[in-house]
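Computed from a predicted structure; not experimentally measured. Below, each value reflects all heavy atoms present in this structure, side chains not excepted, and no hydrogens, waters or symmetry copies.
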Amino acid sequence: MTARAYVVATATEIPPGGRKIVDVAGRSVGVFNVGGSYFALRNACPHAGGPLCEGVLSGFVSSPAPGRYTYERRGEFLRCPWHQWEFDIRTGRSWVDPVRARVRSYQVGVEPGADLLACGAEPAGRGRGPYSAETYPVTRDGEFVVVHV
């Protein structure tokens with residue numbers, strides 16, 4: 001089965017450190033821009049179903065010795081607003097229990113508008129209706145963020 005492509009935003013609509021929560025094929029999905037790379041996670045915490053993608057973005061603190069620490073991977077961990085469970089945005093895995101607790105992640109890409117016309121990508125939140133109308137060739141400029149479900 002091949003993934004369907006859904007246009008969720010223009011590339012400039014979600015700035016670095018930003019997010020957008022969208023409906024993709026009947027699912028609430030959070031799309032995040034981490035330093036120019038895009039990631040998408042299901043907007044439901046596996047612990048209690050909370051709105052995960054509305055949570056705080058944070059990083060990872062490591063300490064090689066007492067009194068010394070570094071803050072790494074800034075903005076790459078998502079904390080559920082209900083019970084503070086944390087998930088890695090890149091993988092969807094829980095920071096506490098990466099083997100058993102994870103949230104669904106989706107493939108995301110940035111694609112030129114012309115390529116989207118060729119593959120038949122749909123705007124997020126909309127499906128094809130039962131009727132069709134006469135169509136005309138259209139070109140699109142710019143790049144778009146696309147979630148593949």
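A donor-acceptor distance shorter than 3.5 angstrom exists from the side chain of S63 to the backbone of R68, with no hydrogens or angles considered. With N33 contributing its side chain and I14 its backbone, the two residues share a donor-acceptor pair below 3.5 Å. Under a 3.5 Å cut-off, the side chain of K20 and the backbone N or O of V8 do form a donor-acceptor pair. Of the possible polar contacts, none joining the T70 side chain to the E72 backbone as a donor-acceptor pair under 3.5 Å is found.
Follow the hydrophobic side-chain contacts under 4.5 Å out from Y106 and you never reach F32; the two are in separate clusters. Cluster membership for V24 and L52, using ILVMFWY side-chain heavy atoms within less than 4.5 angstrom, is not shared. L57 and W85 fall within a single hydrophobic cluster, where Ile, Leu, Val, Met, Phe, Trp and Tyr are joined by side-chain heavy atoms under 4.5 Å apart, directly or via other members.
Scanning all heavy atoms of the two residues, the minimum distance from V108 to A40 falls at CG2-CB, 3.3 Å. Heavy-atom minimum distance, A25 versus Y6: CB-OH, 3.7 Å. Minimum heavy-atom separation, G92 to F87: O-CD2, 3.5 Å. Taking all atoms of both residues into account, the shortest heavy-atom contact from Q84 to P81 is NE2-O, 3.5 Å.
For residues 75-89, the salt bridge (charged side-chain N to carboxylate O under 4.0 Å, His left out) pairs, not counting sequence neighbours, are R73-E76, R73-D88, E76-R90, R79-E86.
Between S105 and T91 there is no side-chain heavy-atom pair separated by less than 4.5 Å.
Distance check, rounded to the nearest 0.5 Å: SG of C45 to CH2 of W82 gives 9.0 Å. Interatomic distance, E54 CD to R19 CZ, rounded to the nearest 0.5 Å: 8.5 Å.
Checking I89, N43, V29 one by one against C53, the side chain to side chain contact (heavy atoms under 4.5 Å, CB included) holds for a single residue, N43.
Using a 30° and 60° split on the angle between ring planes, F60 and F77 fall in the tilted class, from 30° to 60°.
Here R74 pairs with Y71 under the side-chain contact (heavy atoms from CB on, under 4.5 Å) rule; sequence neighbours left out. With sequence neighbours left out, A11 forms a side-chain contact (heavy atoms from CB on, under 4.5 Å) with Y38, V110, E143.
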